[in-house]
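The structure appears below as structure tokens.
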Protein chains: 4
Amino acid sequence: MRKKDDEKQKNIKEAVIKLTLKEGFHGTSISKIARKAGVSPATVYVYYENKEIMLQEIYLEYSEQVFNHLLSKVRNDMDGKELTEILLRSYYNYIQENEEIFRFVDQFSSCPALANSCGEKKGIKDLNRFLDEQKKNKVIKDVHNYNIIAIIFSPIKSIAINHCIREEEKLKLLKEIITVIQSALLL
Amino acid sequence: MRKKDDEKQKNIKEAVIKLTLKEGFHGTSISKIARKAGVSPATVYVYYENKEIMLQEIYLEYSEQVFNHLLSKVRNDMDGKELTEILLRSYYNYIQENEEIFRFVDQFSSCPALANSCGEKKGIKDLNRFLDEQKKNKVIKDVHNYNIIAIIFSPIKSIAINHCIREEEKLKLLKEIITVIQSALLL
Amino acid sequence: MRKKDDEKQKNIKEAVIKLTLKEGFHGTSISKIARKAGVSPATVYVYYENKEIMLQEIYLEYSEQVFNHLLSKVRNDMDGKELTEILLRSYYNYIQENEEIFRFVDQFSSCPALANSCGEKKGIKDLNRFLDEQKKNKVIKDVHNYNIIAIIFSPIKSIAINHCIREEEKLKLLKEIITVIQSALLL
Amino acid sequence: MRKKDDEKQKNIKEAVIKLTLKEGFHGTSISKIARKAGVSPATVYVYYENKEIMLQEIYLEYSEQVFNHLLSKVRNDMDGKELTEILLRSYYNYIQENEEIFRFVDQFSSCPALANSCGEKKGIKDLNRFLDEQKKNKVIKDVHNYNIIAIIFSPIKSIAINHCIREEEKLKLLKEIITVIQSALLL
DNA sequence: TATGAATGAGTGTTCATTCAT
DNA sequence: GATGAATGAACACTCATTCAT
């Protein structure tokens, strides 16, 4: 693939995410995407077999991203307190800094008609491996990974994506919830 | 003059929820709804001004329901342990028993194009009042309500709606997460 | 028929005329008419068999009106100059004072799909009789009535219904065209 | 990339005009137009942004035509009598030979909901220029152009479009009205 | 008489996709 | 590879009209 093409595909991806946020999957049509991306509707089909596959591919690509981001921030030699703090704050920051992508992925996940596979993704596998090691090292309580992930990420997400709370209020909530979660997970 | 037929409206609501789950908001068209509800497409417009208002109204009606359910299960004389256990298990059970409605509401909430109001709903107001009282009585830690709700409900939800875990496994996770959450919230 | 009913029918007629002007026959639906008239759509069918008949009846009623107006203004003992002046000015004034009705009738007449009958109306019969008498009395030239009517009314109409000319300019045009028409028709 | 097919657009235009005459703007739907033009309803939207713009564009195109026709028939060296005769007969013939287009334009003009602009068209500008010159050369009376046009064209039109008069009778009326109009306009 | 509920048939328009270039 | 033309199928919605009260 030439450079030119990559540019086009990037534009398409960005158009999909922006439009999905503004108008929902409902209002995101191929021709609108094409218009926003500056290409012809037919060109979209050069890069993706059809609309559903396009959405799935874009979703998969971006849904991995957050895990890589998180894993890049932690190290094995951190103690439990530092580890959870870093993990939680990194997750919060990721959402803030990648709001459009995050909301796209989130919206996609909540739609049973789109995201119904049980296939475990690569990113989460790495995270699980990391958590297992931490439990072995007695850094965090011996709780099922699924529960650790649930208790770590869901509350942060609900703070981060709320549009009705001001930034500074959010940071206070974040600080508080970190303490609460630490008291839940640390030995 | 004929009277409005409650049966018809009920059928429409059920059709909306079932179709939204199967096909997303995307694939839920007025004519499909009408067909499933056994009425003419035009009849839908006797009960709802347009599609968007229809979805909003159905969403609002059902999004309140869970709070009423939870509040009906708890009493002021419960101690912290009992209280959290009841709250968490009731929430889990509500999701299991009202899966379709819950997923509809959840999907709706995750769609920025649909649910973008900040207006606090009546149900959550009652819950906030209840939590304030519990904190005053030293039953639970003095943590901001927003965080309490986040840490209580989000993890339970992520267990309950997961379609890839078997029922018995879910119950084990539930039992475990209850202990974890209790250690986070109780004094 | 009771008084109440006449009121309703009057409201319907007025709604038809106002809506037709604003939105064309195209945008004038029974339910819009009913809403504007303050009755139920079904009530319209109490007074008119169906939409087409309703339009025809209203058209017929109002299309007669102008002739009665004109004939009420002229007398047999007028000389040619006075007669034409009165006729032309009365026509102009009628259009100005009954703009909505006039435009409704005009729009209806121009639509081959609606007004395609050749049946001579009563009003025009009276006018023809009057013109015949004037010709016999050598008040106006011996020209076919159809042409007299055409040359008298069409130019006036085109001045009167023009929305782009100011009132005072219209009156100047009217004064001038009266002289021109007089030089065409008077002996 | 396929090229736009002029044949298709021509078929659409013809379908619009024929249907509008038969059924009024009221009954002229995109799907009927498409069926008559032998294309898909969606194809209409390749050529026109929406229905209203489509009608406006077709109207504008054809409403100019008559002026060009008239101006092509007259020359500056004609005397007043010849000039008016040519003008009036050409107008009459144009209507007879382009009945569908003429009635379409006429119907459109009479509908306030559609034709409500005051913008002077190019065709009428040329005609005005021509009339000014004739007045300067003392060929016709010094009467406001608006009145000249009104008195020349409206009566002819009312003869030409009448469906209840036979052809030969029309020609007699035409001959007569020409004399009448000449006596009105010539010095 | 009067009405709101109900509807099959239609509206204008957009859709995802394919075709021809 | 890239594209605008083209389309059958679907969309949300409104229509004129009838029905039950």
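All values below were derived from every heavy atom in this structure, side-chain atoms included, with hydrogens, water molecules and symmetry-related copies excluded. Order of the sequence lines sets the chain letters (A, B, ...), proteins ahead of strands, with each chain counted from 1.
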For dG1(F) and Tyr47(A) - does any side-chain N or O of the residue sit under 4.0 Å from the phosphate oxygens OP1/OP2? no

dT13(E) phosphate, OP1 or OP2, under 4.0 Å from Lys51(D) side-chain N/O: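 No, because none of the side-chain N or O atoms of Lys51(D) sits under 4.0 Å from OP1 or OP2 of dT13(E).
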
Taking side chain to side chain donor-acceptor pair (under 3.5 Å) as the definition, give me every residue that meets it alongside Asn11(A), ordered by chain and number, with sequence neighbours left out.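 Asn11(A): no side chain to side chain donor-acceptor pair (under 3.5 Å) contacts found.
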
Minimum side-chain heavy-atom gap Leu55(D)-Tyr48(D) below 4.5 Å: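 A side-chain contact under 4.5 Å is absent here.
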
Less than 4.5 Å apart, any side-chain heavy atom of Glu61(D) and any of Gln56(D)? no

If you only use heavy atoms from C-beta on, which nucleotide in dT14(F), dT18(E), dG4(F) is closest to the side chain of Ser40(A)?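 The listed nucleotide nearest to Ser40(A)'s side chain is dG4(F).
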
Stems of at least 3 consecutive Watson-Crick or G-U wobble pairs (donor-acceptor distances under 3.5 Å) involving DNA chain F, listed by first number, are E:2-21 with F:2-21

Ignoring hydrogens and angles, write down the donor-acceptor pairs under 3.5 Å from the side chains of residues 38-46 of chain A, residues two or more places apart or on other chains.
unit_1, atom_1, unit_2, atom_2, d
Ser40(A), OG, Ala42(A), N, 3.1
Thr43(A), OG1, Ser40(A), O, 3.4

Which whole-number value in Å describes the distance from Glu49(B) CD to dC13(F) P?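 Whole-Å distance recorded here is 10 Å.
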
Heavy atom of residues 23-38 of chain D under 4.0 Å from DNA chain E: which residues?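 The answer is Thr28(D), Ser29(D), Ile30(D), Ser31(D), Lys32(D).
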
Quiz item: cation-pi between Lys8(A) and Tyr47(A), 6.0 Å / 45°: no

Under the rule for ring-ring contact (aromatic ring centres under 6.0 Å, His included), what residues qualify as partners of Tyr59(B), not counting sequence neighbours?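 ring-ring contact (aromatic ring centres under 6.0 Å, His included) list for Tyr59(B), sorted by chain: Phe108(B).
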
Which side-chain N or O atoms in residues 15-23 of chain A pair as donor and acceptor under 3.5 Å with protein atoms at least two apart or in another chain?
unit_1, atom_1, unit_2, atom_2, d
Lys18(A), NZ, Glu100(A), OE1, 3.4
Thr20(A), OG1, Val16(A), O, 2.5

Counting only N and O atoms by type, is there a donor-acceptor contact under 3.5 Å from the side chain of Arg103(A) to the main-chain atoms of Asn98(A)? no

